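Take a look at the structure below.
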Amino acid sequence: MENSLNKTSFIEKFKTEVKIASPGRINLIGEHTDYNKGYVMPTAIDKKIFFDFRKNESDDICKIYSLTFDSYYEFNIHSFSKSDDSWKNYLLGVIDEIQKLGKKLKGFDCIIESELPIGAGISSSAALECGFAGGLNQLFNLDLSKQDIVELSQRAENNFVGSNCGIMDQFASVMSRKDHIILLDCKSLDTEFIPADFKNCKLLLLNTNVSHSIADSEYNTRRAECETAVRKIQQKYPEATSLREVSFFMLEEFKSQLPKKTYQRCVYVLRENDRVERAAGTMKSGKLKEFGELMYQSHAGLQHNYEVSCPELDFMVEYSRDKDFIYGSRMMGGGFGGCTINLIETDKIEAYSEEISKAYFKEFNRKMDVISVSAGEGTIIEKFKA
Ligand code: GLA
């Protein structure tokens with residue numbers, strides 16, 4: 001139900017009971033490995049979505065105001081259906097998953113404001129899901145652990161929104177620690193927090209400002225291709241339940257039985273997983289140039305084998321290639337648009353940003369955005385007396 005509302009009075013009279021800051025994430029390396037139960041190296045960033053929650057007197061009416069979209073949304077928490085606005089579906093999905101766990105919700109109001117660009121590949125969707133779930137957990141004392149919040153938010157996206165994403169984005173948004181990168185094993189969910197010490201360098205995101213519409217369907221197709229390969233390989237190796245448990249030797253044995261593209265996808269995943277393990281080692285020992293080289297290799301795999309890049313991303317990565325003050329550059333996230341992540345010497349950032357902005361505009365007649373980020377804390381919760 002879309003209702004008109006006295007916006008000023010709703011916002012001004014809002015007595016916040018729970019406040020949440022829910023961050024976006026970056027991923028240094030390990031792309032499309034999470035749903036193959038491999039390794040990833042993400043962290044939350046210092047850019048967030050902010051939520052204010054309060055209970056209302058009703059049993060089942062939820063009123064949400066998005067300051068970002070200047071849009072009001074009112075619905076019954078016990079009877080709703082999919083919306084045409086994608087941001088609403090992330091929230092509805094979370095409510096659905098919380099209720100499936102047998103947890104009781106009542107009427108509440110919420111104001112949301114985001115500083116995360118949408119479609120930039122920094123996971124505004126996971127920030128939205130996890131922040132919303134975290135806020136409801138506090139508001140109604142639902143007794144959900146951080147891991148419950150991560151997992152139900154992922155299920156919300158899989159089941160309600162219809163994107164078969166892995167667990168990386170939600171995990172990073174909730175579990176990150178300031179100034180650290182997570183080395184996450186997506187099979188066991190074991191974590192190691194590696195200090196984000198980039199010495200004379202910084203991480204720089206360059207936003208292509210494109211998000212190609214095939215992204216969602218191609219994402220689900222890639223995941224299905226990986227799962228098809230695993231099912232085939234399982235005929236001989238039943239213990240292999242994901243590509244994580246498939247070795248290069250096993251994959252070669254099945255090469256002739258897999259469609260060429262499927263084989264190519266698997267090669268990428270196995271190599272990328274291997275790269276993440278090596279990248280974690282180079283990061284720990286401060287070998288940033290070696291780390292950067294692995295980023296370039298990751299991009300090449302995503303571009304040529306996994307085929308989830310796009311001309312705009314490839315242009316940016318290629319442009320950085322001969323600049324010795326850029327140690328590494330790659331597309332980040334699901335692909336088909338969004339940002340590249342670059343490891344660049346700090347004192348070169350300004351001049352390089354200007355130079356590549358001009359070159360990008362000349363090539364695509366499109367503006368590019370520079371987003372400087374640092375490794376931030378996971379979801380932050382403040383509770384006030386009602
Ligand atoms: C999206 C998904 C993640 C992950 C990345 C690719 O961000 O939400 O689960 O699969 O793409 O690494």
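Just so you know, ligand 1 is whichever comes first in the structure, and atom 1 is the first atom listed for that ligand. Computed from a prediction, not measured in an experiment: that's the story for all the values here. Atoms considered below: every heavy atom in the structure, side chains included; atoms not considered: hydrogens, waters and symmetry mates. One-based numbering along the sequence shown.
- Against a heavy-atom cut-off of under 4.0 Å, Asp169 is close to the following atoms of ligand 1: 1 (C), 2 (C), 3 (C), 7 (O), 8 (O).
- Between Gly166 and ligand 1, a contact under 3.5 Å exists for at least one N or O pair.
- Under the 6.0 Å cut-off for aromatic ring centres, His304 and Tyr268 do not qualify, their centroids lying 6.0 Å or more apart.
- Under the 6.0 Å distance and 45° angle rule, Lys55 does not count as a cation-pi partner of Phe108.
- Put simply, part of Gly333 is less than 4.0 Å from ligand 1, judged by heavy atoms.
- No more than 12 heavy-atom neighbours from other residues, nucleotides or ligands sit within 6.0 angstrom of CG on Asp143.
- Centroid-to-centroid, the aromatic rings of Tyr219 and Tyr35 come within less than 6.0 Å.
- Counting the atoms of ligand 1 from 1 in the order shown, those under 4.0 Å from a heavy atom of Asp34 are 3 (C), 4 (C), 9 (O), 10 (O).
- Less than 4.0 angstrom separates some heavy atom of Tyr219 from each of these atoms of ligand 1: 1 (C), 2 (C), 3 (C), 4 (C), 9 (O), 10 (O), 11 (O).
- For Asn27, no nitrogen or oxygen atom sits less than 3.5 Å from a nitrogen or oxygen atom of ligand 1, counting backbone and side chain alike.
- Under the 30°/60° scheme for interplanar angles, the aromatic rings of Tyr65 and Phe10 are found to be tilted.
- Among the atoms of Ile167, none of the N or O lies under 3.5 angstrom from an N or O of ligand 1.
- Seen from the ring of Tyr319, Lys323 counts as a face-on cation partner, given the 6.0 Å and 45° thresholds.
- For an aromatic pair to be called close, the ring centres must be under 6.0 Å apart, and Tyr90 with Phe132 fails this.
- Of all atoms in ligand 1, listed by their number and element, those nearer than 4.0 Å to a heavy atom of Met168 are 4 (C), 5 (C), 12 (O).
- Contacts between Arg25 and ligand 1, counted as non-hydrogen atom pairs separated by less than 4.0 Å, involve the side chain only.
- Polar contact check, His32 against ligand 1: a nitrogen or oxygen pair lies under 3.5 Å apart.
- Close contacts of ligand 1 with Tyr35, meaning ligand atoms under 4.0 Å from a residue heavy atom, involve 10 (O).
- Near Cys165, the atoms of ligand 1 lying under 4.0 angstrom from a non-hydrogen atom of the residue are 2 (C), 8 (O), 9 (O).
- If you look at Phe325 and Tyr352, their ring centroids are closer than 6.0 Å.
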